[in-house]
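Working notes, structure below.
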Amino acid sequence: MTLPVPVTIIMIEDDEGHARLIERNIRRSGIHNEIIPFATGADALKYLFGSDGDAGKHEGQGLLILLDLNLPDMTGIEILRQVKENSILKSAPVVVLTTTDDSSEIKRCYELGCNVYITKPVNYEGFANAIRQLGLFFSVIQVPSTEP
Amino acid sequence: MELFGPAQTFSRFDHCRFRKNLLRSFLDPGLGLGIFRSGSLAFPTSRHEIAVTSDTPHERTVGQVLLLTAGFLVLVAVSSASVLLVNKARDDNAAVVHTIEVENQTNTLLLEIRRAESSVRGYLLTMGPDFLNDYEQALAAITPELDKLEHLAADNPIQAENVRQLRTAIATRLDQFEREVGFFKQGDLPSAANLVRDAAAGDTTTTIHDLTDAMRAEEDRLFLLRTANADRSQQLASLVTITGSGLVVLLAGISMFLIRRSAHARDRAERQLRENNLNLEATVDARTADLREANEEIQRFAYIVSHDLRAPLVNIMGFTSELEELHPGIFHRIAALSRAQTSAAAQPMIADGGEIQLERADKQLSDDFVEALSFIKSSIGKMDRLISAILSLTREGRREFSPVAVDMREMIDGIVASHAHQAAQAQAHIQIGALPRIESDRLALEQIFSNLIDNAIKYLKPGVPGEIVVRGRTKLGFAIFEISDNGRGIDPRDHQRIFDLFRRAGVQDRPGQGIGLAHVRTLVRRLGGTMSVASELGSGSTFTITLPIKWTVNRTAAA
């Protein structure tokens, strides 16, 4: 199964284990889209915004961003803010995946325009379920192309 | 537990307790927070010393008393001396006056004698009765005057002797006068003239003269002597007065100097005290700020640590679960391989029905594998619950409390209703007595009473119908709530322990992390109250909670 529009999944996650588990579960839910992992916020921003800083190269591309809030070099909130302020990237759905279940932080993420907020539970069943449901979510949402 | 309370709940008197509780409650879980023992929480123990002036107040007091005594004694001495000297001066003056009187009297007497003499002569010359009259008057005056003189001079033996001689001489002279006048009256003029001549030639008049001169001379001498005496007395009196006054002035001066000095010292001490007070306040503020910062730091720390601990836990759990999922595959392969080894004949690799038939040794391996995985998973689950507990406590510590009027009866009714199912299962009956209304944080109160009622239901004696009673009363601005049960009770040795984080007491046959009571006590303290437990093993427990009837945010801050 593939998404109606070829979508690239940008995974910004510093914990390799988490990244691997997320990827496995996405694959298990039948999503075979390209996943580009980034371990630091800086790398991810460099890729997203390109060298000119206006994300022009992603125009017309389908993007979905999986974002961890606790990154070694910056907070995921900052990345979320920058993404949602960019005219090209702002239409890309952002899924926040983090260990934080602080209600004020969740609220903040939604205010900044995050589309889904998932807490990584230690309970693996819960984790796997959440990711698989994310896969379901991927399959039903129509990710808009970033073409204006 | 103090740890998650807001910084303002720590008064300066709570410092030590805060530190102790902080370390105990936070280090106990074995999180290895030893770093807090050494650095950031060290509480400076320096004290502000209040400077004391060199002469102690006691010495100063003694000095003042001595000075006053000396001043008093000087005054008494000066006064007595003045009185004595003034008396003496008066006596001296009286003596001087006496001298003058004696001299005066002598002169008066002499004058009378002269008058008598001249009257006699006048009579003898003119035979005028006026002169006779005059003579008789003078004669009559002489004796009293003489008596007076004798009386006056009685104090002086020399003068007394003089007066005695004078009396004799005057008597002689008066006798001559009488005889002259007698002769004259009889007409015997020549006899009278002779007598006058004899008298004039005689030494009686001279004797009188000499005597009165001597007396005058004596009185002059006495006058000089006594005047000098009087002068000396007066000088002495003024000298004593001046010296005394000078001494008093001097003592007053010293006293004033001392008072000024002590006043100065007091001012200085007062200034110092004021400065110290200001310093102390500043120090207390600084310490409070330090503590607040330390507390916030710990909250941040606990929060971050919990999160950072959770991330690897997700991995451990995730890959353990992955391993678990791999388990059937692995042992499927093992079974297939061993079967292939034992029988050369080509047999179907999978038994009918898809069940993997493991050999005895392989079955053991599989069981060990499953057991190991289940231990890992249960430990991860436990660790996750502990981390969640710390997280929820930090979150609770960050929550701002706001006082509202709470109908406790209504609230407890609600809590009991929500525990109805549990209570029915445990065959417990919950009785609610009269409860006062208070002003406090509603959510915190709900958590407190919910926890306690939950505990009461949870730890009943098996097989004994539960009797749980919630009571309340007020006393001196505080509301006292009691929650008692007839449950299994708590060993008195564990009464402190049950309030510690992650610690539990008694038979561990109920689920729980050992958080409830620690949390309840933190909440009660934040609400400005206290809580205690009274219990014996096997005979139920009573938890008593004392809360201010009207709690305000400031109250805690000022406490």
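Order of the sequence lines fixes the chain letters, A, B, ..., with proteins taken first and strands second; residue numbering starts at 1 for each chain. Source: prediction; values computed, not measured. Worth knowing before you read on, the calculation uses all heavy atoms, side chains too, and leaves out hydrogens, waters and symmetry mates.
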query = How about A:Arg108: does its CZ atom have over 12 heavy atoms from other parts shown lying under 6.0 Å from it?
reply = no

note = Rounding to 0.5 Å, atoms CG (A:Leu21) and CE (B:Met317) come to a distance of 12.0 Å

message = I'd like to know whether CD of B:Glu325 has more than 12 heavy-atom contacts from other residues, nucleotides or ligands below 6.0 angstrom.
response = yes

message = If the threshold is 4.0 Å, N to carboxylate O, is there a salt bridge linking B:Glu322 and A:Arg28?
response = yes

ask   = Can you tell me if A:His18 uses its side chain to pair, donor with acceptor, with the backbone of B:Ala311 under 3.5 Å?
value = yes

request  = State, to 0.1 Å, how close A:Tyr124 and B:Ser321 come at their nearest heavy-atom pair, and which atoms those are.
outcome  = CD2-CB, 2.9 Å

ask   = If you round to the nearest 0.5 Å, how far is CG of B:Leu313 from NZ of A:Lys120?
value = 12.5 Å

